[in-house]
Amino acid sequence: MRRPIIAGNWKMHNTTGEARELVELLKPLVGATDVEVVVCPPFTAIAAAANAAAGSNIAVGAQDFFWEDQGAYTGEVSGPMLRDLGCRYVIIGHSERRQYFAETDATVNKKLMAAYRHELIPIVCVGETLGQREAGETLAVIGHQVWEGLKGLAPDQARELVVAYEPVWAIGTGKTATAADAQEVIAFIRETLGSMYGAAAEAVRIQYGGSVKPENITELMAQPDIDGALVGGASLDAVSFAAIVNYGDH
Ligand code: 13P
């Protein structure tokens with residue numbers, strides 16, 4: 001059985017005070033769930049969120065990091081630095097990183113290896129653009145991202161992996177993939193992981209992301225291969241995010 005995991009990607013939102021307040025509001029609202037709950041603040045608010053979350057069932061992750069441990073890499077943040085702040089998760093290869101900051105499957109793979117080196121659980125994002133979907137290239141694009149971005153793990157490492165399928169056209173647009181469309185691609189991701197890692201693929205948790213809301217989470221979670229969600233906008237509001245975490249009185 002795969003334990004559901006619902007993560008909030010705050011993107012470039014929330015100061016330290018706002019982060020603390022959001023976590024404090026969230027704690028009592030998600031305290032009873034058996035879903036794994038993660039919040040991913042911007043770097044500057046990670047410590048504040050982690051301090052506020054201490055002793056609760058809310059874990060903290062980062063939205064990105066660099067693969068080297070230290071050195072002359074102005075502006076970058078490393079795995080040991082994230083561990084030092086109390087991070088247990090790190091998002092890798094979000095489509096906004098790919099689109100605005102030139103991340104590729106090759107950099108995703110380097111970050112993936114670094115995450116395992118530092119015992120950070122990676123949440124690796126894949127997803128097609130609208131143009132690619134309309135051209136019928138979705139599965140080819142996703143297959144390539146999975147093979148190239150996620151290669152080189154031992155099967156035991158692969159079991160720990162979290163993958164987020166986030167169709168780029170569904171992010172921040174209010175357009176959610178239908179639960180059936182999301183299931184189709186996510187089943188394909190699991191099948192691809194099966195070709196790479198054998199039975200370990202059955203343990204990999206695969207999230208859907210892109211305009212997840214309290215209104216659509218239940219149907220998404222009812223799909224056999226969808227194990228959670230990566231939530232953007234709706235994770236900035238404690239009540240909305242808690243309603244997503246507590247989907248269908250899970
Ligand atoms: P929205 O939920 O705002 O569409 O963002 C999805 C996302 O990119 C999460 O990483």
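In listed order, ligands and their atoms are each counted from 1. We count residues from 1, following the sequence as given. Because the structure is a prediction, the values reported are computed rather than measured.
- In the model, H94 has a side-chain atom that pairs as donor or acceptor with a side-chain atom of E166 under 3.5 Å.
- At least one heavy atom of G210 sits closer than 4.0 Å to an atom of ligand 1.
- Residue contacts with ligand 1 do not include A234, since none of its heavy atoms lies under 4.0 Å from the ligand.
- Judged as a side chain to side chain donor-acceptor pair (under 3.5 Å), and not counting sequence neighbours, E219 has no contacts.
- Proximity to L230 (heavy-atom distance under 4.0 Å) selects the following atoms of ligand 1: 9 (C), 10 (O).
- Both the backbone and the side chain of I171 come within 4.0 Å of ligand 1, counting heavy atoms alone.
- A salt bridge links R2 with E202; the closest basic N to acidic carboxylate O contact falls under 4.0 Å.
- At least one donor-acceptor pair under 3.5 Å links the side chain of R98 to the backbone N or O of G93.
- Nearest protein neighbour of atom 7 (C) of ligand 1, counting heavy atoms only, is E166 OE2, 3.1 Å.
- Ligand-side atoms of ligand 1 in range of S211: 1 (P), 2 (O), 4 (O), range being under 4.0 angstrom from any heavy atom.
- Side chain of T107 to main chain of E103: no donor-acceptor pair is present (N/O by atom type, distance under 3.5 Å, no hydrogens or angles).
- For atom 2 (O) of ligand 1, the nearest non-hydrogen atom from the set S235, G232, A170, C125 comes from G232.
- Here the side chain of S211 pairs a donor or acceptor atom with the backbone of A170 at under 3.5 angstrom.
- In this structure, K213 falls outside the shell of residues with a heavy atom less than 4.0 angstrom from ligand 1.
- Each of the atoms 9 (C), 10 (O) of ligand 1 lies under 4.0 Å from some heavy atom of N9.
- Of the protein's heavy atoms, G233 N, 2.8 Å lies nearest to atom 3 (O) of ligand 1.
- Regarding atom 5 (O) of ligand 1, its nearest protein heavy-atom neighbour is K11 NZ, 3.3 Å.
- Considering backbone and side-chain N/O atoms, H94 comes within less than 3.5 Å of an N/O atom of ligand 1.
- Of the options Q207, E128, Q145, a side-chain hydrogen bond (donor to acceptor under 3.5 Å, both in side chains) to Y165 is made by E128 and by none of the others.
- Side-chain contact of D225 with Q183: a donor-acceptor pair under 3.5 Å is present, judged by distance alone.
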